[in-house]
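See structure below.
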Amino acid sequence: MDSIFLKTLLGKECHRPPVWMMRQAGRVLPSYQEMRKHHTFSELITTPELAAKVTLLPVQDLGVDAAILFSDILTIPMAMGMEIDWTDHGPRFNNPLAAQQHPLRQLDIKPEKLDYVYQAIDHVVEQSEVPLIGFSGAPLTILCYMLQGISTKSTFPDAKLFFYERREETQQLINAITELTIDYAQKQIMHGIDAFQLFESHSGLVPIELYNELFLPAVCRITDAVRSMGIPLIFFPKGLGCGLRHITPDVCDFVSIDWQTSLTEAREMVHPEVGLQGNFDPHLLFASQDNIARTLESYKPFFRKHPRWIINLGHGVLADTPIENVHFFVDWIKNTNWK
Ligand code: CP3
């Protein structure tokens with residue numbers, strides 16, 4: 001596969017940075033909005049043909065350099081027996097674990113419940129020549145949702161208290177999530193994904209010492225399992241801040257930087273052998289095209305100095321983003337002389 005995305009990920013210098021966007025498949029595309037009129041979100045992710053179709057929409061409509069599987073990080077708690085409602089205010093679990101006396105006993109882990117994901121990958125691989133990114137959530141982020149039950153309070157107060165008060169059970173839950181995630185990631189690889197992204201959307205929630213003690217070892221178990229199968233790994237620890245200093249080649253091949261962090265400062269903090277992805281502010285895409293072009297232009301010197309860079313946003317693309325600006329952003333990156 002001749003792909004600028006894979007070449008960059010594997011450390012080869014290219015004439016421009018590759019581009020894709022977190023949440024490119026859902027949220028922003030008119031073709032996705034049209035499909036959502038006929039199907040619930042749950043139908044879209046659990047019906048392999050539909051999930052594959054949505055996965056490829058941004059490649060067809062926007063011309064991005066990689067596809068990301070259309071699914072969700074919460075497939076893991078679903079396969080652990082937790083019942084989920086996809087409400088208009090986000091996902092909600094009916095029995096948040098922090099409220100339970102014996103959270104582990106509530107779980108009924110069935111790895112085969114994730115088979116629809118592998119079937120979706122089969123369909124994408126059959127239909128497309130573009131690299132496919134598989135993904136899962138990292139254990140802290142998954143555990144936040146499982147303990148709290150809802151995402152509306154993104155401070156996850158019950159989950160945090162649980163980490164402090166019930167350390168042994170926290171560790172047991174981390175282990176259970178990590179083991180299922182390793183099986184999930186390795187099966188995604190066996191079905192043909194080309195790269196893997198681990199979403200740690202809430203790494204900024206806990207002090208870095210606690211993160212390093214409890215969660216980073218679990219992240220490394222997952223990233224080792226993925227990389228041992230020859231697949232490059234991108235880690236997205238949103239909100240990690242100065243903790244980026246702990247991101248070494250032992251952890252991942254690329255690290256995705258959030259929009260709050262300066263890319264240049266991130267480059268100084270992260271180990272030089274780890275590539276960077278990111279990190280434009282999703283709100284930049286609401287600004288004028290002149291402004292978007294000026295901002296992109298200002299990154300040319302960065303690319304010339306640090307070609308191990310994949311362009312992305314610093315978090316998911318936002319639902320109301322003007323679609324013409326999303327096109328402009330991608331086209332500008334692909335048509336500009338970066339050298
Ligand atoms: O391009 C894509 O959309 C790829 C597929 C994808 C989804 N979720 C689809 C989705 C991916 C990679 C995710 C990851 C995900 N899911 C994360 C990590 C990334 C991040 O943004 O921090 C998290 C925290 C979740 C959990 C989740 N799923 C939330 C909080 C919500 C509700 C709010 C929202 O829209 O993000 C979801 C629902 C969800 N996941 C939607 C989509 C397209 C919206 C459902 C709809 O169409 O109504």
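When a ligand or atom number is given, it counts from 1 through the structure's own listing order. Only heavy atoms go into these numbers, but all of them, side chains included; no hydrogens, no water, no symmetry mates. The shown structure was predicted, so the numbers you read here are calculated from the model rather than taken from an experiment.
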Does Gln101, at its CD atom, have more than 12 non-hydrogen atoms belonging to other residues, nucleotides or ligands within less than 6.0 Å?
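No, the 6.0 Å shell around CD holds no more than 12 heavy atoms from other groups.
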Exceeds 12 heavy-atom contacts within 6.0 angstrom, atom CD of Glu129
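No, not enclosed.
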Verify whether one side chain among [X] and [Y] offers a donor that lies under 3.5 Å from an acceptor in the other.
{"X": "Gln106", "Y": "Asn95", "answer": "no"}
{"X": "Glu49", "Y": "Gln119", "answer": "no"}
{"X": "Tyr164", "Y": "Thr170", "answer": "no"}

Indicate yes or no: does Lys113 engage Asp115 in a salt bridge with an N to O separation below 4.0 Å.
no
Is there any protein N/O under 3.5 Å from an N/O of ligand 1, and what does the full list of such pairs look like?
| unit_1 | atom_1 | unit_2 | atom_2 | d |
| --- | --- | --- | --- | --- |
| ligand 1 | 1 (O) | Gln24 | N | 2.9 |
| ligand 1 | 1 (O) | Ala25 | N | 2.6 |
| ligand 1 | 3 (O) | Gly26 | N | 3.1 |
| ligand 1 | 8 (N) | Arg23 | NE | 3.3 |
| ligand 1 | 8 (N) | Asp72 | OD1 | 3.1 |
| ligand 1 | 16 (N) | Arg23 | NH2 | 3.2 |
| ligand 1 | 16 (N) | Asp72 | OD1 | 3.1 |
| ligand 1 | 16 (N) | Asp72 | OD2 | 3.3 |
| ligand 1 | 21 (O) | Arg23 | NH2 | 3.3 |
| ligand 1 | 21 (O) | His315 | NE2 | 3.1 |
| ligand 1 | 22 (O) | Ser201 | OG | 2.6 |
| ligand 1 | 22 (O) | His315 | NE2 | 2.7 |
| ligand 1 | 28 (N) | Asp72 | OD1 | 2.7 |
| ligand 1 | 36 (O) | Arg23 | NH1 | 2.9 |
| ligand 1 | 36 (O) | Arg23 | NH2 | 3.2 |
| ligand 1 | 36 (O) | Arg27 | NH2 | 2.6 |
| ligand 1 | 40 (N) | Asp72 | OD1 | 2.7 |
| ligand 1 | 47 (O) | Tyr32 | OH | 2.4 |
| ligand 1 | 47 (O) | Arg36 | NE | 2.9 |
| ligand 1 | 48 (O) | Arg36 | NE | 3.3 |
| ligand 1 | 48 (O) | Arg36 | NH2 | 2.7 |

